[in-house]
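Okay, structure first, notes after.
Index from 1, following the sequence. Computed from a prediction, not measured in an experiment: that's the story for all the values here. Atoms within a ligand are numbered from 1 in the order they appear, just like the ligands themselves. Reckoned from all heavy atoms, side chains included, excluding hydrogens, waters and symmetry mates.
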Amino acid sequence: MKLIYELSSKGRGGIRIPEDKISPEEMVPSELLRDELAELPEVSESEVVRHYTRLSRLNFSVDTEFYPLGSCTMKHNPRACEAAASMPELCETHPLWPQLRQGGLLTQGSLQILYNTERLLSEITGLSEFTLQPLAGSHGELTAVMMMAAYHRDRGNKKTHIIIPDSAHGTNPASAALGGYDVVTVPSDENGVMDLEKFKEAVNDETAGAMLTLPNTLGVFNPEIKELIEAVHAVDGLMYYDGANFNAIMGRIKPGNLGFDICHLNLHKSFSTPHGGGGPGTGPVGVCEKLRPYLPISRVAKTKDGVYTLDYDQPKSIGYIAPFYGNFSIIVRAYAYLLMLGREGLRGTSDRAVLNANYLLEKLRKSFSAVSESRCMHECVFSGKSLGKGIHTLDLAKALLDRGVHAPTIYFPLNVPEAIMIEPTETETKETLDAFVGMMEDIAERSVVDPDSLKAAPITTPVGRLNEVAAAKNMDLVFAE
Ligand SMILES: *Cc1c(COP(=O)(O)O)cnc(C)c1O
(Lines give C-alpha, C1' and ligand atoms only; values in the text may rest on other atoms or scores of the structure.)
Protein backbone atom coordinates (compact mmCIF):
# COMPACT_ATOMS: atom_id res chain seq x y z
CA MET A 1 0.00 0.00 0.00
CA LYS A 2 1.28 3.43 -0.95
CA LEU A 3 2.04 6.19 1.51
CA ILE A 4 0.17 9.45 1.08
CA TYR A 5 3.39 11.16 -0.06
CA GLU A 6 3.73 8.68 -2.88
CA LEU A 7 0.29 9.66 -4.19
CA SER A 8 1.37 13.27 -4.52
CA SER A 9 1.31 14.95 -7.90
CA LYS A 10 2.51 18.51 -8.39
CA GLY A 11 -0.28 21.04 -8.53
CA ARG A 12 -3.06 18.67 -7.49
CA GLY A 13 -5.16 19.59 -4.48
CA GLY A 14 -8.41 19.15 -2.69
CA ILE A 15 -9.05 22.56 -1.22
CA ARG A 16 -9.24 26.06 -2.58
CA ILE A 17 -8.30 28.92 -0.32
CA PRO A 18 -9.64 32.32 -1.38
CA GLU A 19 -6.38 34.23 -1.55
CA ASP A 20 -7.94 37.67 -1.27
CA LYS A 21 -9.53 36.77 2.05
CA ILE A 22 -6.51 35.36 3.82
CA SER A 23 -3.36 37.21 4.59
CA PRO A 24 -0.68 35.05 6.23
CA GLU A 25 1.14 38.18 7.38
CA GLU A 26 -1.89 39.26 9.36
CA MET A 27 -2.53 35.85 10.87
CA VAL A 28 1.00 34.79 11.80
CA PRO A 29 3.75 37.02 13.22
CA SER A 30 6.28 37.64 10.45
CA GLU A 31 9.19 36.04 12.32
CA LEU A 32 7.26 32.78 12.42
CA LEU A 33 6.47 32.70 8.69
CA ARG A 34 8.43 30.03 6.81
CA ASP A 35 10.67 30.97 3.90
CA GLU A 36 10.01 27.94 1.75
CA LEU A 37 6.82 26.07 1.05
CA ALA A 38 6.29 23.04 3.24
CA GLU A 39 6.68 19.71 1.48
CA LEU A 40 3.13 18.51 1.77
CA PRO A 41 1.50 15.81 -0.31
CA GLU A 42 -0.48 17.30 -3.18
CA VAL A 43 -3.48 15.06 -3.52
CA SER A 44 -7.14 15.31 -4.45
CA GLU A 45 -9.90 14.98 -1.90
CA SER A 46 -10.97 11.59 -3.23
CA GLU A 47 -7.40 10.30 -2.96
CA VAL A 48 -7.26 11.41 0.66
CA VAL A 49 -10.60 9.80 1.47
CA ARG A 50 -9.62 6.52 -0.20
CA HIS A 51 -6.21 6.53 1.39
CA TYR A 52 -7.48 6.87 4.95
CA THR A 53 -10.45 4.60 4.42
CA ARG A 54 -8.07 1.91 3.11
CA LEU A 55 -5.80 2.47 6.10
CA SER A 56 -8.72 2.16 8.51
CA ARG A 57 -9.57 -1.22 7.00
CA LEU A 58 -6.13 -2.55 7.84
CA ASN A 59 -7.10 -2.13 11.46
CA PHE A 60 -8.89 -4.96 13.13
CA SER A 61 -11.99 -3.71 14.89
CA VAL A 62 -14.95 -4.99 16.83
CA ASP A 63 -17.13 -3.11 14.34
CA THR A 64 -16.22 -5.64 11.69
CA GLU A 65 -15.38 -8.93 13.42
CA PHE A 66 -15.37 -10.93 16.64
CA TYR A 67 -12.77 -9.67 19.13
CA PRO A 68 -12.55 -12.12 22.05
CA LEU A 69 -9.53 -10.55 23.76
CA GLY A 70 -9.63 -11.76 27.36
CA SER A 71 -9.21 -9.28 30.22
CA CYS A 72 -10.05 -6.42 27.86
CA THR A 73 -13.84 -6.51 27.43
CA MET A 74 -13.82 -5.67 23.74
CA LYS A 75 -17.56 -5.37 23.41
CA HIS A 76 -19.80 -3.42 21.11
CA ASN A 77 -20.20 0.13 22.35
CA PRO A 78 -23.63 1.61 21.69
CA ARG A 79 -23.58 4.45 19.17
CA ALA A 80 -25.98 6.39 21.36
CA CYS A 81 -23.12 6.90 23.82
CA GLU A 82 -20.90 8.19 21.02
CA ALA A 83 -23.64 10.63 20.07
CA ALA A 84 -23.84 11.88 23.65
CA ALA A 85 -20.09 12.42 23.80
CA SER A 86 -20.19 14.34 20.49
CA MET A 87 -22.78 16.88 21.60
CA PRO A 88 -21.27 20.31 20.88
CA GLU A 89 -22.52 21.54 24.27
CA LEU A 90 -20.19 19.01 25.85
CA CYS A 91 -17.23 18.66 23.56
CA GLU A 92 -16.83 22.34 22.82
CA THR A 93 -16.62 23.51 26.41
CA HIS A 94 -13.18 24.61 27.47
CA PRO A 95 -11.91 23.24 30.77
CA LEU A 96 -10.74 26.71 31.77
CA TRP A 97 -14.14 28.27 31.33
CA PRO A 98 -15.46 29.60 34.62
CA GLN A 99 -18.02 27.44 36.34
CA LEU A 100 -20.43 30.31 36.79
CA ARG A 101 -21.04 33.50 34.89
CA GLN A 102 -23.09 36.37 36.14
CA GLY A 103 -26.70 35.63 35.37
CA GLY A 104 -25.94 32.33 33.67
CA LEU A 105 -24.39 28.94 34.03
CA LEU A 106 -21.32 28.06 32.05
CA THR A 107 -19.93 24.62 32.84
CA GLN A 108 -22.69 23.63 35.27
CA GLY A 109 -23.95 20.90 32.94
CA SER A 110 -20.50 19.33 32.61
CA LEU A 111 -19.97 19.42 36.36
CA GLN A 112 -23.38 17.93 36.93
CA ILE A 113 -22.49 15.00 34.66
CA LEU A 114 -19.33 14.40 36.69
CA TYR A 115 -21.25 14.65 39.94
CA ASN A 116 -24.01 12.29 38.83
CA THR A 117 -21.59 9.76 37.35
CA GLU A 118 -19.75 9.63 40.66
CA ARG A 119 -23.04 8.97 42.46
CA LEU A 120 -24.00 6.19 40.02
CA LEU A 121 -20.63 4.48 40.33
CA SER A 122 -20.89 4.68 44.12
CA GLU A 123 -24.30 3.06 43.91
CA ILE A 124 -23.21 0.11 41.77
CA THR A 125 -20.01 -0.54 43.74
CA GLY A 126 -21.34 0.07 47.24
CA LEU A 127 -18.56 2.58 48.00
CA SER A 128 -19.10 6.04 49.45
CA GLU A 129 -17.26 8.32 47.09
CA PHE A 130 -15.59 8.31 43.66
CA THR A 131 -12.99 10.29 41.81
CA LEU A 132 -13.21 10.29 38.02
CA GLN A 133 -9.76 11.80 37.57
CA PRO A 134 -7.47 8.81 36.81
CA LEU A 135 -6.78 8.41 33.11
CA ALA A 136 -6.47 4.59 32.96
CA GLY A 137 -7.03 1.55 35.12
CA SER A 138 -3.34 1.46 35.99
CA HIS A 139 -3.46 5.15 36.85
CA GLY A 140 -6.41 4.41 39.12
CA GLU A 141 -4.41 1.66 40.82
CA LEU A 142 -1.51 4.01 41.48
CA THR A 143 -3.89 6.68 42.77
CA ALA A 144 -5.41 4.09 45.08
CA VAL A 145 -2.06 2.84 46.38
CA MET A 146 -1.07 6.46 47.09
CA MET A 147 -4.28 6.87 49.07
CA MET A 148 -3.63 3.65 50.95
CA ALA A 149 -0.17 4.97 51.84
CA ALA A 150 -1.64 8.30 52.96
CA TYR A 151 -4.13 6.47 55.19
CA HIS A 152 -1.42 4.39 56.85
CA ARG A 153 0.85 7.41 57.34
CA ASP A 154 -2.00 9.27 58.96
CA ARG A 155 -2.64 6.41 61.36
CA GLY A 156 1.03 5.98 62.18
CA ASN A 157 0.90 2.45 60.76
CA LYS A 158 4.21 0.87 59.79
CA LYS A 159 3.36 -0.98 56.60
CA THR A 160 5.80 -2.42 54.10
CA HIS A 161 4.03 -4.68 51.63
CA ILE A 162 0.96 -5.34 49.53
CA ILE A 163 -0.26 -8.87 48.83
CA ILE A 164 -1.13 -9.78 45.23
CA PRO A 165 -2.07 -13.19 43.76
CA ASP A 166 0.11 -14.60 40.99
CA SER A 167 -2.76 -14.44 38.50
CA ALA A 168 -2.97 -10.63 38.80
CA HIS A 169 -2.64 -8.22 35.91
CA GLY A 170 0.93 -6.89 35.71
CA THR A 171 -0.22 -3.38 36.55
CA ASN A 172 -1.11 -4.47 40.11
CA PRO A 173 2.44 -5.24 41.29
CA ALA A 174 3.74 -2.31 39.24
CA SER A 175 1.37 0.11 40.99
CA ALA A 176 2.18 -1.29 44.43
CA ALA A 177 5.92 -0.97 43.76
CA LEU A 178 5.59 2.57 42.36
CA GLY A 179 3.60 3.46 45.46
CA GLY A 180 6.59 2.42 47.59
CA TYR A 181 5.54 -1.06 48.73
CA ASP A 182 7.14 -4.47 48.45
CA VAL A 183 5.01 -7.00 46.61
CA VAL A 184 4.23 -10.33 48.23
CA THR A 185 2.95 -12.82 45.67
CA VAL A 186 0.54 -15.61 46.62
CA PRO A 187 0.21 -18.66 44.34
CA SER A 188 -3.06 -20.00 42.95
CA ASP A 189 -4.23 -23.58 43.18
CA GLU A 190 -4.87 -25.80 40.15
CA ASN A 191 -8.33 -24.25 39.70
CA GLY A 192 -6.91 -20.77 39.49
CA VAL A 193 -8.11 -19.70 42.94
CA MET A 194 -5.66 -18.09 45.31
CA ASP A 195 -4.51 -20.41 48.08
CA LEU A 196 -6.32 -19.24 51.25
CA GLU A 197 -3.77 -20.71 53.67
CA LYS A 198 -0.81 -19.19 51.83
CA PHE A 199 -2.66 -15.89 51.73
CA LYS A 200 -3.23 -15.93 55.48
CA GLU A 201 0.44 -16.77 56.06
CA ALA A 202 1.43 -13.69 54.05
CA VAL A 203 -0.75 -11.37 56.15
CA ASN A 204 0.97 -9.72 59.10
CA ASP A 205 1.17 -6.35 60.88
CA GLU A 206 3.20 -4.90 57.99
CA THR A 207 0.51 -5.66 55.41
CA ALA A 208 -0.69 -2.38 53.91
CA GLY A 209 -3.36 -4.22 51.99
CA ALA A 210 -4.12 -6.70 49.25
CA MET A 211 -5.10 -6.17 45.61
CA LEU A 212 -7.60 -8.61 44.16
CA THR A 213 -9.32 -8.97 40.83
CA LEU A 214 -12.74 -10.53 41.28
CA PRO A 215 -13.60 -12.58 39.35
CA ASN A 216 -9.90 -13.10 38.85
CA THR A 217 -8.00 -13.15 35.62
CA LEU A 218 -8.91 -16.80 35.11
CA GLY A 219 -12.56 -15.84 35.21
CA VAL A 220 -13.02 -17.51 38.60
CA PHE A 221 -14.93 -15.97 41.49
CA ASN A 222 -13.04 -16.59 44.73
CA PRO A 223 -15.51 -18.35 47.08
CA GLU A 224 -13.40 -17.48 50.13
CA ILE A 225 -13.44 -13.77 49.54
CA LYS A 226 -15.05 -12.84 52.86
CA GLU A 227 -12.40 -14.72 54.80
CA LEU A 228 -9.60 -13.08 52.81
CA ILE A 229 -11.03 -9.65 53.51
CA GLU A 230 -11.42 -10.34 57.22
CA ALA A 231 -7.79 -11.44 57.49
CA VAL A 232 -6.57 -8.18 55.94
CA HIS A 233 -8.89 -6.00 57.98
CA ALA A 234 -7.71 -7.69 61.17
CA VAL A 235 -4.30 -6.03 60.73
CA ASP A 236 -5.78 -2.66 59.63
CA GLY A 237 -4.91 -3.48 56.02
CA LEU A 238 -7.00 -2.20 53.11
CA MET A 239 -8.68 -4.38 50.49
CA TYR A 240 -8.31 -3.21 46.92
CA TYR A 241 -10.74 -4.34 44.25
CA ASP A 242 -9.36 -4.32 40.70
CA GLY A 243 -12.58 -3.69 38.79
CA ALA A 244 -11.33 -4.46 35.30
CA ASN A 245 -13.58 -7.50 35.33
CA PHE A 246 -16.63 -5.62 36.51
CA ASN A 247 -18.45 -6.70 33.36
CA ALA A 248 -18.95 -10.05 35.12
CA ILE A 249 -20.79 -8.82 38.20
CA MET A 250 -22.45 -5.48 37.42
CA GLY A 251 -25.77 -5.18 39.18
CA ARG A 252 -25.22 -8.51 40.96
CA ILE A 253 -22.51 -7.84 43.53
CA LYS A 254 -21.23 -4.64 45.10
CA PRO A 255 -17.54 -4.79 46.07
CA GLY A 256 -18.22 -2.37 48.95
CA ASN A 257 -20.79 -4.76 50.40
CA LEU A 258 -18.26 -7.60 50.29
CA GLY A 259 -15.96 -5.45 52.43
CA PHE A 260 -13.60 -3.96 49.85
CA ASP A 261 -12.32 -0.51 50.88
CA ILE A 262 -11.16 0.86 47.58
CA CYS A 263 -11.54 -0.02 43.91
CA HIS A 264 -11.00 1.10 40.37
CA LEU A 265 -13.25 0.54 37.38
CA ASN A 266 -12.21 0.73 33.74
CA LEU A 267 -14.78 2.90 31.98
CA HIS A 268 -13.11 1.94 28.69
CA LYS A 269 -13.76 -1.74 29.35
CA SER A 270 -17.15 -2.09 30.98
CA PHE A 271 -18.80 1.26 30.24
CA SER A 272 -18.93 1.95 26.55
CA THR A 273 -15.67 3.43 25.38
CA PRO A 274 -13.90 1.86 22.43
CA HIS A 275 -10.36 1.01 23.40
CA GLY A 276 -7.27 -0.68 22.20
CA GLY A 277 -3.96 0.63 21.01
CA GLY A 278 -3.32 2.10 24.43
CA GLY A 279 -6.15 4.44 25.08
CA PRO A 280 -7.74 6.76 25.87
CA GLY A 281 -9.11 5.44 29.12
CA THR A 282 -10.55 6.39 32.47
CA GLY A 283 -10.02 4.48 35.70
CA PRO A 284 -12.26 6.04 38.37
CA VAL A 285 -11.44 5.13 41.95
CA GLY A 286 -14.06 4.54 44.61
CA VAL A 287 -13.41 4.55 48.34
CA CYS A 288 -15.13 3.71 51.59
CA GLU A 289 -15.86 6.43 54.11
CA LYS A 290 -12.56 6.29 55.99
CA LEU A 291 -10.52 6.92 52.82
CA ARG A 292 -12.61 9.86 51.63
CA PRO A 293 -10.22 12.60 52.92
CA TYR A 294 -7.36 11.31 50.76
CA LEU A 295 -9.13 11.50 47.39
CA PRO A 296 -7.25 13.52 44.76
CA ILE A 297 -8.28 17.10 43.97
CA SER A 298 -10.26 18.62 42.53
CA ARG A 299 -13.51 17.24 43.93
CA VAL A 300 -16.84 18.01 42.31
CA ALA A 301 -19.12 19.46 44.96
CA LYS A 302 -22.70 20.64 45.09
CA THR A 303 -23.64 23.59 47.26
CA LYS A 304 -26.84 23.91 49.25
CA ASP A 305 -28.23 26.08 46.46
CA GLY A 306 -27.70 23.31 43.95
CA VAL A 307 -24.67 24.91 42.28
CA TYR A 308 -21.83 22.63 41.17
CA THR A 309 -18.27 23.71 41.92
CA LEU A 310 -14.78 22.30 41.98
CA ASP A 311 -13.46 22.00 45.49
CA TYR A 312 -9.70 22.16 46.04
CA ASP A 313 -9.84 22.57 49.79
CA GLN A 314 -9.02 19.03 50.90
CA PRO A 315 -6.09 19.22 53.33
CA LYS A 316 -5.45 15.47 53.45
CA SER A 317 -5.79 14.90 49.70
CA ILE A 318 -2.98 13.10 47.86
CA GLY A 319 -3.08 16.09 45.49
CA TYR A 320 -3.36 16.37 41.72
CA ILE A 321 -3.18 13.30 39.56
CA ALA A 322 -4.74 14.60 36.33
CA PRO A 323 -5.60 17.97 34.84
CA PHE A 324 -9.07 19.50 34.48
CA TYR A 325 -12.01 17.07 34.43
CA GLY A 326 -10.01 13.96 33.47
CA ASN A 327 -10.90 12.28 30.16
CA PHE A 328 -14.25 14.01 30.08
CA SER A 329 -15.75 12.54 26.92
CA ILE A 330 -15.20 9.00 28.23
CA ILE A 331 -17.06 9.92 31.39
CA VAL A 332 -19.93 11.22 29.25
CA ARG A 333 -20.11 7.88 27.40
CA ALA A 334 -20.20 5.99 30.71
CA TYR A 335 -22.90 8.29 32.08
CA ALA A 336 -25.03 7.79 28.97
CA TYR A 337 -24.49 4.03 29.15
CA LEU A 338 -25.45 3.84 32.82
CA LEU A 339 -28.61 5.90 32.31
CA MET A 340 -29.56 3.95 29.21
CA LEU A 341 -29.18 0.52 30.80
CA GLY A 342 -30.37 1.23 34.30
CA ARG A 343 -30.28 -1.35 37.07
CA GLU A 344 -31.91 -4.17 35.12
CA GLY A 345 -29.92 -3.47 31.98
CA LEU A 346 -26.60 -3.60 33.79
CA ARG A 347 -27.51 -6.83 35.48
CA GLY A 348 -28.65 -8.33 32.15
CA THR A 349 -25.36 -7.29 30.58
CA SER A 350 -23.33 -9.21 33.13
CA ASP A 351 -25.67 -12.17 33.03
CA ARG A 352 -25.25 -12.51 29.27
CA ALA A 353 -21.48 -11.95 29.42
CA VAL A 354 -21.22 -14.83 31.91
CA LEU A 355 -23.60 -17.04 29.92
CA ASN A 356 -21.62 -16.51 26.70
CA ALA A 357 -18.33 -17.35 28.40
CA ASN A 358 -19.74 -20.53 29.92
CA TYR A 359 -21.17 -21.54 26.56
CA LEU A 360 -17.70 -21.28 25.01
CA LEU A 361 -16.12 -23.01 28.00
CA GLU A 362 -18.35 -26.06 27.64
CA LYS A 363 -18.11 -26.20 23.85
CA LEU A 364 -14.33 -25.87 23.76
CA ARG A 365 -13.64 -28.27 26.63
CA LYS A 366 -13.80 -31.10 24.11
CA SER A 367 -10.82 -29.88 22.08
CA PHE A 368 -8.80 -27.86 24.58
CA SER A 369 -7.83 -28.39 28.19
CA ALA A 370 -9.79 -25.94 30.31
CA VAL A 371 -7.94 -24.53 33.30
CA SER A 372 -10.92 -24.91 35.59
CA GLU A 373 -13.23 -27.85 36.16
CA SER A 374 -15.97 -25.56 37.36
CA ARG A 375 -18.02 -22.85 35.74
CA CYS A 376 -16.40 -19.56 34.82
CA MET A 377 -17.57 -15.97 35.07
CA HIS A 378 -17.19 -13.64 32.05
CA GLU A 379 -14.09 -15.23 30.55
CA CYS A 380 -12.62 -18.69 30.22
CA VAL A 381 -9.03 -19.88 30.09
CA PHE A 382 -7.57 -22.88 28.29
CA SER A 383 -4.11 -24.21 27.78
CA GLY A 384 -2.72 -24.77 24.29
CA LYS A 385 -0.72 -27.73 25.63
CA SER A 386 -3.24 -30.08 24.03
CA LEU A 387 -2.40 -28.84 20.52
CA GLY A 388 -0.42 -31.16 18.22
CA LYS A 389 3.29 -31.69 18.66
CA GLY A 390 5.35 -28.58 17.96
CA ILE A 391 2.27 -26.38 17.69
CA HIS A 392 1.92 -23.61 20.21
CA THR A 393 -0.73 -21.17 21.36
CA LEU A 394 0.99 -18.53 19.23
CA ASP A 395 0.32 -20.61 16.09
CA LEU A 396 -3.32 -20.93 17.07
CA ALA A 397 -3.59 -17.17 17.53
CA LYS A 398 -2.07 -16.51 14.10
CA ALA A 399 -4.31 -19.09 12.46
CA LEU A 400 -7.38 -17.35 13.92
CA LEU A 401 -6.32 -14.11 12.22
CA ASP A 402 -6.55 -15.87 8.86
CA ARG A 403 -10.08 -16.89 9.75
CA GLY A 404 -11.08 -13.27 10.33
CA VAL A 405 -11.18 -13.33 14.14
CA HIS A 406 -9.02 -11.34 16.51
CA ALA A 407 -6.84 -13.63 18.60
CA PRO A 408 -7.80 -14.16 22.24
CA THR A 409 -5.32 -13.06 24.89
CA ILE A 410 -2.39 -15.48 24.85
CA TYR A 411 0.36 -16.38 27.33
CA PHE A 412 -1.60 -14.56 30.03
CA PRO A 413 -2.30 -15.22 32.85
CA LEU A 414 1.32 -16.11 33.41
CA ASN A 415 0.56 -19.00 35.75
CA VAL A 416 -1.08 -21.01 32.95
CA PRO A 417 1.32 -22.60 30.44
CA GLU A 418 0.40 -21.81 26.82
CA ALA A 419 -2.58 -19.82 28.07
CA ILE A 420 -5.53 -18.95 25.81
CA MET A 421 -7.88 -16.51 27.47
CA ILE A 422 -11.24 -15.86 25.83
CA GLU A 423 -13.78 -13.18 26.69
CA PRO A 424 -16.75 -13.28 24.34
CA THR A 425 -18.69 -10.42 26.02
CA GLU A 426 -22.45 -10.04 26.15
CA THR A 427 -22.74 -8.39 22.76
CA GLU A 428 -22.03 -11.50 20.66
CA THR A 429 -24.69 -13.80 19.25
CA LYS A 430 -24.83 -17.58 19.51
CA GLU A 431 -24.12 -17.79 15.77
CA THR A 432 -20.86 -15.86 16.20
CA LEU A 433 -19.85 -18.04 19.11
CA ASP A 434 -20.67 -21.23 17.19
CA ALA A 435 -18.62 -20.07 14.21
CA PHE A 436 -15.71 -19.35 16.56
CA VAL A 437 -15.98 -22.80 18.14
CA GLY A 438 -15.87 -24.29 14.65
CA MET A 439 -12.65 -22.41 13.89
CA MET A 440 -11.03 -23.46 17.14
CA GLU A 441 -11.94 -27.11 16.56
CA ASP A 442 -10.61 -26.94 13.02
CA ILE A 443 -7.32 -25.51 14.24
CA ALA A 444 -7.02 -28.14 16.98
CA GLU A 445 -7.52 -30.87 14.39
CA ARG A 446 -5.08 -29.36 11.91
CA SER A 447 -2.46 -29.06 14.63
CA VAL A 448 -2.33 -32.86 14.46
CA VAL A 449 -2.97 -33.64 10.79
CA ASP A 450 -1.49 -30.60 9.03
CA PRO A 451 0.71 -28.63 11.44
CA ASP A 452 2.67 -26.87 8.69
CA SER A 453 -0.43 -24.98 7.58
CA LEU A 454 -0.58 -23.38 11.03
CA LYS A 455 3.12 -22.55 11.16
CA ALA A 456 2.71 -20.46 7.99
CA ALA A 457 -0.17 -18.37 9.38
CA PRO A 458 -1.14 -15.60 9.00
CA ILE A 459 -1.23 -15.36 5.22
CA THR A 460 -4.28 -13.11 4.74
CA THR A 461 -3.20 -10.13 6.87
CA PRO A 462 -1.36 -7.02 5.56
CA VAL A 463 1.87 -8.36 7.05
CA GLY A 464 2.75 -11.99 7.67
CA ARG A 465 4.27 -13.41 10.83
CA LEU A 466 6.72 -10.96 12.30
CA ASN A 467 9.73 -11.54 14.44
CA GLU A 468 7.96 -9.91 17.37
CA VAL A 469 11.10 -9.20 19.37
CA ALA A 470 12.83 -7.50 16.44
CA ALA A 471 9.64 -5.65 15.48
CA ALA A 472 9.39 -4.17 18.97
CA LYS A 473 13.09 -3.38 19.35
CA ASN A 474 13.95 -2.01 15.91
CA MET A 475 10.85 -0.09 15.01
CA ASP A 476 10.91 1.58 11.62
CA LEU A 477 8.43 4.41 11.86
CA VAL A 478 10.00 7.06 9.63
CA PHE A 479 8.82 7.86 6.16
CA ALA A 480 11.77 7.65 3.80
CA GLU A 481 11.77 7.86 0.04
C1 LIG B 1 -6.88 -3.78 31.87
C2 LIG B 1 -6.58 -4.19 33.25
C3 LIG B 1 -5.89 -3.33 34.12
C4 LIG B 1 -5.26 -2.02 33.71
O5 LIG B 1 -6.10 -1.11 33.10
P6 LIG B 1 -5.55 -0.07 32.01
O7 LIG B 1 -6.68 0.83 31.78
O8 LIG B 1 -5.16 -0.89 30.81
O9 LIG B 1 -4.37 0.63 32.59
C10 LIG B 1 -5.75 -3.74 35.43
N11 LIG B 1 -6.18 -4.95 35.86
C12 LIG B 1 -6.81 -5.81 35.03
C13 LIG B 1 -7.29 -7.12 35.58
C14 LIG B 1 -7.02 -5.47 33.69
O15 LIG B 1 -7.63 -6.33 32.88
*Phe271 vs Phe246 aromatic rings, parallel, tilted or perpendicular, using cut-offs 30° and 60°?*
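Rings of Phe271 and Phe246: tilted, as their planes differ by 30° to 60°.
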*Using the ring of each side chain (for Trp, its six-membered ring), is Tyr151 parallel, tilted or perpendicular to Tyr294, with breaks at 30° and 60°?*
perpendicular
*Should we say atom CG of Asp205 is surrounded by more than 12 heavy atoms from elsewhere, each under 6.0 Å from it?*
no
*Hey, do the aromatic rings of Tyr240 and Phe260 have their centres closer than 6.0 Å?*
no
*Taking Arg465 for the side chain and Ala457 for the main chain, is one N or O donor matched with an acceptor at less than 3.5 Å?*
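Checking the backbone N and O of Ala457 against the side chain of Arg465, a donor-acceptor pair under 3.5 Å is found.
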Distances under 3.5 Å, N/O of ligand 1 against N/O of the protein: list each pair and its distance.
| from | atom 1 | to | atom 2 | distance (Å) |
| --- | --- | --- | --- | --- |
| ligand 1 | 5 (O) | Asn266 | ND2 | 3.0 |
| ligand 1 | 7 (O) | Gly137 | N | 2.7 |
| ligand 1 | 7 (O) | Asn266 | ND2 | 3.2 |
| ligand 1 | 7 (O) | His268 | NE2 | 2.7 |
| ligand 1 | 9 (O) | Gly137 | N | 3.4 |
| ligand 1 | 9 (O) | Ser138 | N | 2.8 |
| ligand 1 | 9 (O) | Ser138 | OG | 2.7 |
| ligand 1 | 11 (N) | Asp242 | OD1 | 3.3 |
| ligand 1 | 11 (N) | Asp242 | OD2 | 2.6 |
| ligand 1 | 15 (O) | Ser71 | O | 3.0 |
| ligand 1 | 15 (O) | Ser71 | OG | 2.7 |
| ligand 1 | 15 (O) | Lys269 | NZ | 2.8 |

*Counterpart residues, salt bridge (Lys or Arg N to Asp or Glu O under 4.0 Å), relative to Asp195 (two or more places apart)*: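 Asp195 satisfies salt bridge (Lys or Arg N to Asp or Glu O under 4.0 Å) with Lys198 only.
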